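Report on the structure given below.
Note that this is a predicted model, so its numbers are computed, not measured. Lettering follows sequence order; numbering is per chain, from 1.
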There are 2 protein chains.
Amino acid sequence: MTRTSLTREEVLAAAGSLVRQHGPAALTMRKLAAELGTAVTSIYWHVGNRESLLDALVERTVEELGEIRPRGRTPAARIVSVARTLRRELRARPHLITMVHERGLTERMFLPAQEALVHEMHAAGLRGARAAQAVRAIQFQVVGYVLVERNRERAPVQRPAEEELWDNAAAEQDPALARALGSAVDQDRLFTSSVRALVAGLLPADPD
Amino acid sequence: MTRTSLTREEVLAAAGSLVRQHGPAALTMRKLAAELGTAVTSIYWHVGNRESLLDALVERTVEELGEIRPRGRTPAARIVSVARTLRRELRARPHLITMVHERGLTERMFLPAQEALVHEMHAAGLRGARAAQAVRAIQFQVVGYVLVERNRERAPVQRPAEEELWDNAAAEQDPALARALGSAVDQDRLFTSSVRALVAGLLPADPD
DNA sequence: ACCTGAACACCGTTCAAGT
DNA sequence: ACCTGAACACCGTTCAAGT
């Protein structure tokens, strides 16, 4: 009644599910073996060691990242839509994205998005080194934003909360600002408006 | 000839030096004890456990972060200078900054910078919720950028390097762009130009 | 009040031995 | 070709015992 013997595929699937749910720290070789019902050492035969297991998971994530379809009428709108799609896809795989990044594969993962952005920069009239700089600015903005968000969400309650920090001088001069800085960040809105501002600053003034 | 007994201060100093040099993963209670010439268990008496030891180091880092002095003539220039200072200070403490972030103390660490930014937004004519949004956009941009840079520097060589990725269609249409995207990122320049673009997009059009 | 060693429950990895 | 248990060198933490 022994099942077909353990495969590399099974190991990767079980490991991937552990990482997706609880992060890489939760992936121990012993727990994984228990889950698979084998001896710890069998895993080593199939995937080498823990590090190359994680490498394989990351490789898979990079391949999974789908195509980017820009939406919208103006180049600016289409660029913003690429950024938003990127953010959504990255946020869906928080732990794996961090690992992709730590392994220096971010650039490769971003290739489809990069091509889409290049296309839009051309449509907007940017060329050469300036277009390249603009593409990278967007790319850094998106990745940076997602990393910041990840950390914010993983972090425990801010102590002290921003509210307590803002019952000071500025509050009397500009109560609306104090209130805004004292309340939680609306990350969706902040992201979109930041990207819009960046794009507006990067693209040449509207020609029509 | 026994020295004055072990102090909490000594423990923190030794731990801080280990973390600054090799990151938190390199801080093991046993190594720390060896460094201090005591039994492992003595450390527990002084600092509780590993986690609260790291907490204490982080607390210290937050306090250490100095004041921000904006430089430049226009509000836009002064905002860019704040962003650049912030980036420099964060980059000087890479491991500790990551830990501050993981512990959700980023906001508190940023308070002085936030106050400076609010001041400049007012000078530029922004008020209320819009000014708050702009302050946070800058803040996210800087932190995000530094996190991305950290990861890039820690990462091994990109494989494949971006060069190999860019011998494709776009290369013939716009060789200057292909060359630019195929060469290494000049992070200093990219940061400054991105912040300038963001600020330009955030501030109201120049009134004079 | 401060320090100690022994012990516990975990890790990743290697290796000789099995089938 | 694939799987195994024993063993090694590490971890963080607890605890009873010392001074």
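OP1 or OP2 of D:dC3 sits under 4.0 Å from a side-chain N or O of A:His46. Within the 4.0 Å cut-off from OP1 or OP2 of D:dT13, not a single side-chain nitrogen or oxygen of B:Thr41 is found.
A:Ser81 places no side-chain N or O within donor-acceptor distance of the main-chain N or O of A:Pro70, the cut-off being under 3.5 Å.
The partner of C:dA7, taking Watson-Crick or G-U wobble pairs whose two distances both stay under 3.5 Å, is D:dT13. Pairing of C:dT19, defined by two Watson-Crick or G-U wobble distances under 3.5 Å, is identified with D:dA1.
If you measure from atom CD1 of B:Ile43 to atom P of C:dC2, you get 16 Å, rounded to the nearest angstrom. The nearest whole Å value for the distance from the NZ atom in A:Lys31 to the P atom in C:dC10 is 10 Å. In this entry the distance linking CZ of A:Arg30 with P of D:dT4 reads 15 Å, nearest Å.
A salt bridge links A:Arg87 with A:Asp188: the closest approach of a Lys/Arg side-chain nitrogen to an acidic carboxylate oxygen falls below 4.0 angstrom. Electrostatic pairing of B:Glu149 and B:Arg88 does not count as a salt bridge here, judged by no charged N lying under 4.0 Å from a carboxylate O.
Residue-to-nucleotide contacts include no donor-acceptor pair under 3.5 Å from the side chain of A:Thr28 to the base of C:dG12.
Residue A:Leu27 is in sugar-phosphate contact alone, with no base atom involved, counting any heavy-atom pair closer than 4.0 Å across all strands shown.
Checked against C:dC3, D:dT4, C:dT13, the side chain of B:Trp45 finds its nearest nucleotide in C:dC3.
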List the steps, then state whether salt bridge (charged side-chain N to carboxylate O under 4.0 Å, His left out) holds for B:Glu89 with B:Arg69. CA-CA 13 Å; B:Glu89 299 214 353; B:Arg69 298 164 186 258; over 6 Å; no
